[in-house]
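Report on the structure given below.
None of the values given here were measured: they were computed from a predicted structure.
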Amino acid sequence: MRQQRHPDLAQPARRRPLDRPGRPAGIRADGGGDGPNGNGISLYRAGGVIIEGNQLRDCAMTFIRNNSGSGVQILGNQGRRCGEVALYSEFAFEGAIIANNLVEDCAQGANITNLDHGGRLAVFANNIIRNARRGIAPNGKEPIGGIGVHVEAEAAVTGNVIENASDIGISLGWSWACATSSRPATSYARPGSASRSHWCRRSATP
């Protein structure tokens, strides 16, 4: 696959939609780092953006990464083969909707995280996640992933289908202080896949 430059939206002052379907593919992470490079579509402090109807393939890190963008909607996208988390909403985001996406063959399906930086208020609904398998991301040293979706706080997780997650189907809670219990996942789980949830308690102090 030929190298394509990924869209990178960084407009904190103005709201701009991204509503035209695209096909980012073969995105490498030659510049290194643990997130700025290797993403199919990146948002940084971009408000009111809709990312819809894209087909993404072979991204070194993430299919769609929202860093500190509020009022962002990630809807109806398809992705196959990425080295880290397929769908990411992180740091100081507020009001994120991730719905009706289908992602396959990634280290982790989705991560809605960074409560400690103000990341809050999200919906993760009606997504299909298949084959989230633990692996080593580009420029990484330790295995990561194996989780269908991890959500830290103040979010709704509903109506998702998670199949063949190697470790955990749904992980919920603030990751500074965690307590684990085995419990049937609320999402559909194919026989042989992970079918337990991982619950975390928020601690008063990090």
For the residue pair Ala132 and Gly109, what are the closest heavy atoms and their distance? CB-N, 4.2 Å
Atom SG in Cys82, atom CD in Glu84: separation rounded to 0.5 Å? 8.0 Å
May I ask you to decide if Phe124's main-chain N or O and Asn160's side chain share a donor-acceptor pair within less than 3.5 Å? yes
Between Ile74 and Asn101, is there a side-chain heavy-atom distance shorter than 4.5 Å? yes
Over all atoms of both residues, closest heavy-atom pair of Ala92 and Ser68: N-OG, 3.2 Å
Between Asp105 and Arg81 (salt bridge meaning N to carboxylate O under 4.0 Å), is one present in this structure? no
Is it true that Ile112 and Leu87 fall in one hydrophobic cluster, defined by side-chain heavy atoms closer than 4.5 Å? yes
So which atom in Phe93 and which in Gly69 form the shortest heavy-atom distance, rounded to 0.1 Å? CB-O, 3.4 Å
For a side chain to side chain contact (heavy atoms under 4.5 Å, CB included) with Asn111, tell me which candidate from His150, Glu152, Arg65 qualifies. His150
Taken to the nearest 0.5 Å, the spacing of Asn127 CG from Thr158 OG1 works out to 10.5 Å
Just by modelled atom types, is the Asn54 backbone N or O under 3.5 Å from a matching donor or acceptor in the Asn77 side chain? yes
Is Arg130 reaching over with its side chain to a backbone N or O of Val161, donor-acceptor style, under 3.5 angstrom? no
State yes or no: do Ile98 and Ile64 share one hydrophobic cluster built from I, L, V, M, F, W and Y residues joined by side-chain heavy-atom distances below 4.5 Å, directly or via other members? yes
Mind checking whether Ile97 and Tyr88 sit in one hydrophobic cluster, side chains of I, L, V, M, F, W, Y counted as touching below 4.5 Å? no
As an exercise, state the distance from CZ of Arg80 to CZ of Arg57, rounded to the nearest 0.5 Å. 7.0 Å
Report whether Ile147 and Val85 are members of the same hydrophobic cluster (ILVMFWY, side-chain heavy atoms less than 4.5 Å apart, transitive linking). no
Is it true that a side-chain atom of Ser166 and a backbone atom of Arg133 form a donor plus acceptor pair closer than 3.5 Å? no
Is the closest side-chain heavy-atom distance between Phe63 and Cys106 below 4.5 Å? yes
So if you build clusters from Ile, Leu, Val, Met, Phe, Trp, Tyr with side-chain heavy-atom gaps below 4.5 Å, do Leu172 and Val149 land together? yes
Supply the atom-to-atom distance Phe91 CZ to Asp116 CG, rounded to the nearest 0.5 angstrom. 8.0 Å
Just how far is it from atom CG of Leu43 to atom CG of Asn66, taken to the nearest 0.5 Å? 5.5 Å
Rounding to 0.5 Å, atoms CD (Glu90) and CG (Asn67) come to a distance of 4.5 Å
Any donor-acceptor pair under 3.5 Å linking the side chain of Asn131 with the backbone of Glu104? no
Could you tell me whether the side chain of Ile144 reaches within less than 4.5 Å of the side chain of Gln108, counting heavy atoms only? no
Closest contact, heavy atoms only, Ile162 versus Gly169: CD1-O, 3.2 Å
